[in-house]
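Read the structure below first, then the notes.
Residue numbers begin at 1 in each chain, while the letters A, B, ... track the order of the sequences. What you see is a predicted model; the values in this text were computed from it and never measured.
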Number of protein chains: 2
Amino acid sequence: MKRKRSYSRVTQHALSLLGKLIRVGRTERGMTAQELADRAGISRTTLYSIERGSTGPEVGVVFEVAAIVGVRLFQCDERTLAMHNAHLDEKLTLLPQSVRSSGKEVDDDF
Amino acid sequence: MKRKRSYSRVTQHALSLLGKLIRVGRTERGMTAQELADRAGISRTTLYSIERGSTGPEVGVVFEVAAIVGVRLFQCDERTLAMHNAHLDEKLTLLPQSVRSSGKEVDDDF
DNA sequence: TTAGTATGTTCAATAAATTGGACACGAACT
DNA sequence: AGTTCGTGTCCAATTTATTGAACATACTAA
């Protein structure tokens, strides 16, 4: 079966933006594409498609590259990241483990 | 050649966090995993691995799923996203188009 | 200007993700 | 209680991304 997908504009814009942020970050740090690719453990070809904002590359790789050039996805450091993680774990235990018909609104900051 | 990769903690934490945010968002909206998967045009299996914070899934798909359940990656709407995009385009034209490799120091502060 | 690199971009071979199916288990509803 | 449905998780077949090589172009420093 063919795997044809569509991506919303938000997604495309977000990816395009991320790619540009990575490119700017890389250039500002004086790294060549090859250097950054080596550091992230990927090929220059893949980095190229990431900087182009392609939808295909693996999340892990994209996040890694972003981290290397100082682009923080959640605008916070690792400590804060871990903290939010822990907090969400709590929250997840409070939510119903299985969605039946219609669960509703809980609200939380962040 | 086998593709063995390593992921920094920041990346792992970010992915873990994102997965949890997606799961919380989905649950709060009363969607089943299958519903969200259908909506994103992916299989439940893939959504599962996204919610688990796997590094493998495609960025595009992960971003799409996030968007559907209301998780904003850059903490802003599509308008702002497009604006930042345009701004970065300007910035990119100002930066040198090519980086000279000079064995320069890069600080990995993450 | 020229030599030496960095980048844009393509492509076939290879490695890996995605898929639907399957199953057990647990939670929610009557 | 029993039953239905959502989830956790594994799998082989299929679809896809990744890679390294290759090349042209474009930029930077001498």
Starting from C1' on dG8(C), measure out to CD on Glu51(A) and report it in whole angstrom.
-> 11 Å

Under 4.0 Å between any heavy atoms, over every strand shown, what does Gly60(A) touch: base, sugar-phosphate, or nothing? Just pick one.
-> nothing

Relative to the 5' end of DNA chain C, which residue comes earlier, Ser98(A) or Arg3(A), by the nucleotide with the nearest heavy atom?
-> Arg3(A)

Per Arg5(A) side chain, nearest of listed nucleotides dT18(C), dC11(C), dA28(C) = dT18(C)

Of all the nucleotides listed (dT7(C), dT7(D), dA16(C)), which has the minimum atom distance to the side chain of Val99(A)?
-> dT7(D)

Is there a side-chain contact between Arg5(A) and Arg3(A) (heavy atoms, below 4.5 Å)?
-> yes

What's the CZ-P distance between Arg52(A) and dT7(C), to the nearest Å?
-> 15 Å

Counting heavy atoms from C-beta on, name the nucleotide in dT7(C), dG8(C), dT19(C) closest to the side chain of Tyr48(A).
-> dG8(C)

Want to settle it: does Thr32(B) or Thr46(A) sit nearer the 5' end of DNA chain D, counting the closest nucleotide to each?
-> Thr32(B)

So, Ser54(B) side chain and Ser49(B) main chain: donor-acceptor pair closer than 3.5 Å or not?
-> yes

Spacing between Leu47(A) atom CG and dG8(C) atom C1', to the nearest angstrom | 12 Å

Of the candidates dT18(C), dA28(C), dG8(C), the side chain of Pro96(A) sits closest to dA28(C)

Write down the atom of Gly70(A), the atom of Arg29(A), and the distance for their closest heavy-atom approach.
-> CA-NH2, 3.7 Å

Answer yes or no: does a side-chain N or O of Arg44(B) lie under 4.0 Å from OP1 or OP2 of dC5(D)?
-> no

Using 4.0 Å as the upper bound for N to carboxylate O, is an ion pair formed by Glu51(A) and Arg26(A)?
-> yes

Of the listed nucleotides dC27(D), dA28(C), dG20(C), the one nearest the side chain of Gln97(B) | dC27(D)

Have Glu64(A) and Ser8(B) got a donor and an acceptor in their side chains that come within less than 3.5 Å?
-> yes

Counting any heavy atom closer than 4.0 Å, what does Thr45(B) reach on the DNA or RNA strands: base, sugar-phosphate only, or nothing?
-> base

Residue Ile42(A), side-chain atoms from C-beta onward, closest of dT19(D), dA28(C), dT7(C) = dT19(D)

Could you check Arg23(B) against Ser49(A) and say which one's nearest nucleotide on DNA chain D is further toward the 5' end?
-> Arg23(B)

